[in-house]
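Notes follow once the structure below has been shown.
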Amino acid sequence: MRYSQMLLPTTKETPSEAEVVSHQLLLRGGFIRKLTSGVYTYLPLGLAAIRKVGQIVREEMNRAGAQELLMPMVQPADLWRESGRWQKYGAELLRFTDRHERESCLGPTHEEVITDLARRELQSYRQLPMSLYQIQTKFRDEIRPRFGLMRGREFVMKDAYSFDVSDEAAGESYDKMYQAYHRIFRRCGLDFRAVEADTGTIGGSFSHEFMVLAQTGEDTLVICEQCSYAANVEKAMIVLPDECLETGELQAMRKVETPGMKKVEVVAEFLKAEPADFIKTMVFFVDEEVVAVLVRGDREVQPVKLKNLLHATEVELADDDAVFKKTKLPVGYLGPIDLPIKVVADQEVMRMRNCICGANEKQYHLTGVQPGRDFIPAMTGDLRQITADDSCPACAGPLKLTEGIEVGHIFKLGTAYSEAMNATFQDCEGQAKSFVMGCYGIGVSRVVAAAIEQNHDQHGIIFPLPLAPFQVILLNLGLNSEDITGAADQLYQDLQARGVEVLYDDRDERPGSKFKDADLIGIPFRVTVGKTYEKEGKIEIRNRLDGRTETVDFDLAADVVTGMVKTEMARYTA
RNA sequence: CGGGGCGUAGCGCAGCCUGGUUAGCGCGCCUGCCUUGGGAGCAGGAGGUCGUAGGUUCGAAUCCUACCGCCCCGACCA
């Protein structure tokens, strides 16, 4: 491609709306333009990068035995009513009514459509297993889209669905996808981890998220430094040490005056105790019900764990005003003893001795409280957020917390959708059975953003070669010289003839601009034809990543560059 | 939806508080000269319903009201 003919509008200045680096560089580099909130046009360069990801995904999906199809973006409400998600999905599902008053929605995901297809077209166990996928634009009406391609409302997603005869077979399909995902992200050149995850609104029994490690990530992960354990903090199980930590004599419960003190730290200082001696009582709205959650004073409640323990659909931390309005309880002085609402406790709380907690009476706390003796919660379980001080649930090794960008998510769905939608096949005994399903997503456009978050410097993007919209950028720095231009033109053709993807900068621009743009858009190899060619008949090849430059004879240039591209590409095989 | 901020040329911004001739600046764009290895220089030029509607006023980018859009924080979320 000749740069002079390409729509590639780079800018010097950073648009004010962009917060994170991938968003800034995608705008500055002329990859994307915003149409409206969370909705972007992919310019030629941006589309090229997305296609690169798409192609890798496609190859690995096919290798894993999945077949590509393409489903409609517009979906009828009736299908969503069958699965129950017309009610459950909430405002993120963009709904509308057509001229015939038929209710419809824009597809945020395609479980309903694919399950409908399966129940029509798959009748026999002989047709199974079956895996189908598509790469398509999805729409989710995010409350707050942000960070450019990282969290748009419209985005390109690969979604795959598997249908199996049994739970065991479905497990095999899941494993295949798990392997395929590893290959995909390895081939994309990303630093990533697969982590155990919560299943969210998609539902299902088991799931892994694929996380690109980057500081701008919206999720927090916990990773074991010793073994391969990794999990989203929403899910990360906490294993308490075997021995009881607290020793010493059991005290009797005592009421103490703590005027004007609500925060754990304040009361702790006043009573010369540690926050870890406290039982903190947090109030949540759990599907309209008011629930008190007990954790140790220095811990945080993990709402997703709470949601799962109580089998709730919605969990929200209640603010003080709301709590008081609803319960008339003395906010700030709450404690588990004689509390007139449902109380659930983190497992750790039950091991504490001689605790301090609110007295459910203004200006008073209790000391010497014994869980189990002085109160018994309705339910106990793992409810707190894991910390770096906890030990690995798998090997008891040390843990590390880190941020991640979710680029893929795979779910073992089971029969949730097939049962709801009556999607069955006949097994070998002629019995009707529900399909055992799995679903597998990759945020294709998000992968591009994540790759940039992970691979950039002060000058711009540094694409891993497999994702680069072009492999080589060829600079002609002598437009006025027939000699140089002739050589550059020739090299452009020679490279193309060798199958190298090359962007030929033949613009009438000064060298400085060309260098800056080349750095900004992140093409891995830069080839320069200029002064050095005129003087010595040599061209320069520079690696965007490390800045290393080689000078080679013009006659060898095409072969040397092609060789470098091939060698570099070979590093990314899965 | 709650809190905050912003809408002035393609982009980034000033002007608004304290209303008053032709609304500025930088980048980009067009023409010419000159220049050509890290976003050059000079000269000339094009480009604006000041987000929209209404109001106050002799007079509104500027003050008031409503609406629309965008960004940030929160809740929410693959």
Side-chain angles (χ1 to χ4, degrees), chain A residues 9-20 23 27-28 30 33-39 89-93 107-111 138-148 150-153 155-159 197-204 207-211 218-219 232 234 284-285 303-304 307 313-319 321-322 405-411 439-447 459-460 475-481 484 505 507-520 526 528-535 539-540 542 547 549 551:
Chain A
T10 59
T11 62
K12 254 189 273 193
E13 283 163 308
T14 303
S16 54
E17 69 188 51
E19 276 260 304
V20 299
H23 191 194
L27 288 168
R28 281 193 56 209
R33 287 294 182 260
K34 187 176 71 184
L35 179 62
T36 183
S37 181
V39 177
Y89 212 92
E92 214 179 304
L93 184 64
T109 176
H110 281 69
E111 283 79 12
K138 297 278 191 272
F139 190 92
R140 294 183 190 176
D141 198 359
E142 292 281 345
I143 297 170
R144 189 149 91 83
R146 54 186 132 179
F147 305 149
M150 290 254 276
R151 179 172 292 278
R153 292 194 297 165
F155 56 98
V156 179
M157 179 168 169
K158 186 282 305 181
D159 47 323
D198 184 65
T199 49
T201 37
I202 298 268
S207 104
H208 282 91
E209 285 169 333
F210 287 76
M211 294 283 190
E218 296 185 86
D219 291 279
N232 194 311
E234 291 174 351
F284 283 77
F285 294 140
V304 174
K307 187 165 111 181
T313 55
E314 213 167 300
V315 162
E316 188 187 358
L317 180 62
D319 61 74
D321 289 351
I405 301 166
E406 181 189 351
V407 289
H409 202 157
I410 59 179
F411 300 83
C439 81
Y440 317 91
I442 289 180
V444 173
S445 43
R446 187 185 275 182
V447 167
H459 303 293
L475 306 189
N476 176 351
L477 296 190
L479 277 183
N480 298 327
S481 152
I484 292 173
D505 193 347
R507 293 174 303 163
D508 184 15
E509 289 288 341
R510 300 169 60 80
S513 304
K514 296 194 177 193
F515 289 138
K516 291 286 187 192
D517 278 335
D519 286 349
L520 176 62
R526 187 183 81 192
T528 308
V529 187
K531 266 183 187 164
T532 324
Y533 175 73
E534 222 165 23
K535 286 185 204 150
I539 58 98
E540 291 156 26
R542 183 181 148 105
T549 306
T551 311

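Letters go in sequence order (proteins before strands), and every chain restarts at 1.
Rounded to whole angstrom, the span from the CG atom of D517(A) across to the P atom of G39(B) amounts to 12 Å. The CG-P distance, from L93(A) to C77(B), rounds to 15 Å in whole Å. Remark: P of C77(B) and CZ of R146(A) are 13 Å apart, rounded to the nearest angstrom. If you measure from atom NZ of K514(A) to atom P of U35(B), you get 18 Å, rounded to the nearest angstrom. Taking atom CG of L479(A) as the reference point, atom P of C34(B) lies 17 Å away to the nearest angstrom. In this structure, E17(A) places its CD atom 15 Å from C1' of G5(B), rounding to the nearest Å. Taking atom CZ of residue R140(A) and atom C1' of nucleotide C76(B), one finds them 14 Å apart after rounding to whole Å. Atom CD in E92(A) sits roughly 15 Å away from atom C1' in C1(B) (whole-Å rounding).
A donor-acceptor contact shorter than 3.5 Å links the side chain of R153(A) to the backbone of S37(A). A donor-acceptor pair is defined here as one N or O able to donate and one able to accept, closer than 3.5 Å; such a pair exists between the side chain of K514(A) and the backbone of N476(A). R140(A) places a side-chain N or O within 3.5 Å of a backbone atom of P108(A) that can act as its donor or acceptor partner. Formation of a donor-acceptor pair under 3.5 Å by the S445(A) side chain with backbone atoms of G443(A) is not found in this model.
Side-chain N/O atoms of R510(A) include none lying less than 4.0 angstrom from OP1 or OP2 on G39(B). Contact between the side-chain N/O atoms of S37(A) and the OP1/OP2 oxygens of C71(B) is found at a separation under 4.0 Å. For R144(A), a side-chain nitrogen or oxygen approaches OP1 or OP2 of C72(B) to under 4.0 Å.
The heavy-atom pair separating E209(A) from M211(A) by the smallest distance is OE1-CE, 3.0 Å. The shortest heavy-atom contact between R507(A) and S513(A) is NH2-O, 4.3 Å. In terms of heavy-atom proximity, M157(A) sits nearest to G441(A) at CE-CA, 3.8 Å.
Atom name P, nucleotides C27(B) and G74(B): the rounded distance is 37 Å, in whole Å. Distance check on atom P: C64(B) versus C16(B) gives 14 Å, rounded to whole Å. Using P as the reference atom, G5(B) and C11(B) are 24 Å apart when rounded to the nearest Å. Look at the C1' atom in both C50(B) and A60(B): the space between them is 11 Å, to the nearest Å. Spacing between C68(B) and G32(B) at atom P, rounded to whole Å, works out to 49 Å. A distance of about 8 Å separates the C1' atoms of U35(B) and G41(B), rounded to the whole Å. Going from the C1' atom of U62(B) to that of G20(B) covers 11 Å, rounded to whole Å. Nucleotides U52(B) and U8(B), compared at atom P, are 10 Å apart to the nearest Å.
Across all strands shown, C42(B) is found opposite G32(B) as a Watson-Crick or G-U wobble partner, with both distances under 3.5 Å. Of the nucleotides present, G51(B) is the one that pairs with C67(B) by Watson-Crick or G-U wobble criteria, both distances under 3.5 Å. When both pairing distances are held under 3.5 Å, G74(B) makes a Watson-Crick or G-U pair with C1(B). As the counterpart of C25(B), G12(B) is assigned, both hydrogen-bonding distances of the Watson-Crick or G-U wobble pattern falling under 3.5 Å.
F210(A) comes within 4.0 angstrom of no nucleic acid atom, judged by non-hydrogen atoms across all strands. Among the protein residues, G441(A) comes within range of no part of the nucleic acid, since none of its heavy atoms lies under 4.0 Å from any strand. Residue contacts shown for K138(A) are absent, as no nucleic acid heavy atom lies under 4.0 Å away. Here E209(A) lies out of heavy-atom contact (under 4.0 Å) with every strand. T36(A) comes within 4.0 angstrom of the backbone, heavy atoms only, and of no base. Within 4.0 Å of V315(A), counting heavy atoms only, lie sugar-phosphate atoms of the nucleic acid but no base atom. If you check every strand for non-hydrogen atoms under 4.0 Å, R542(A) touches a base. No contact: R33(A) has no heavy atom under 4.0 Å from any strand.
You'll find the side chain of Y89(A) reaches within 4.5 Å of the side chain of T109(A), heavy atoms only. Within the 4.5 Å cutoff, the side chain of H23(A) has heavy atoms near those of the E17(A) side chain.
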Test side chain to side chain contact (heavy atoms under 4.5 Å, CB included) on H409(A) and H208(A) and set out the steps. CA-CA 6 Å; H409(A) 202 157; H208(A) 282 91; 5.9 Å; no

Apply side chain to side chain contact (heavy atoms under 4.5 Å, CB included) to residues L475(A) and F515(A) and explain how you reach the verdict. CA-CA 8 Å; L475(A) 306 189; F515(A) 289 138; 3.5 Å; yes

Step-by-step side chain to side chain contact (heavy atoms under 4.5 Å, CB included) determination, R542(A) to T528(A): CA-CA 8 Å; R542(A) 183 181 148 105; T528(A) 308; over 6 Å; no

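Residue side chain R28(A) does not reach the base of G12(B) through any donor-acceptor N/O pair under 3.5 Å, judged by distance alone. If you check distances only, the side chain of R151(A) does reach the base of C77(B) with a donor-acceptor pair under 3.5 Å. T532(A) contributes a side-chain N or O that forms a donor-acceptor pair with the base of G37(B) under 3.5 Å.
Ion pairing of E19(A) with R146(A) is absent here, as no side-chain N (NZ or NE/NH1/NH2) approaches a carboxylate O to less than 4.0 Å.
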Please tabulate, one pair per line, each protein N/O and nucleotide N/O from nucleotides 43-50 of chain B that are separated by under 3.5 Å, including the distance.
none

Measure all distances between protein nitrogen or oxygen atoms and nitrogen or oxygen atoms of nucleotides 27-32 of chain B, and list the pairs falling under 3.5 Å.
unit_1: C27(B); atom_1: O3'; unit_2: K12(A); atom_2: NZ; d: 3.4

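Each of P511(A) and M157(A) has a nearest nucleotide on RNA chain B; the 5'-most of these lies closest to P511(A). RNA chain B is contacted by both I143(A) and G408(A); I143(A) maps to the nucleotide lying nearer its 5′ end (nearest heavy atom per residue).
Candidate nucleotides G37(B), U36(B), C70(B) were compared by shortest atom distance to the side chain of K34(A), and C70(B) ranks first.
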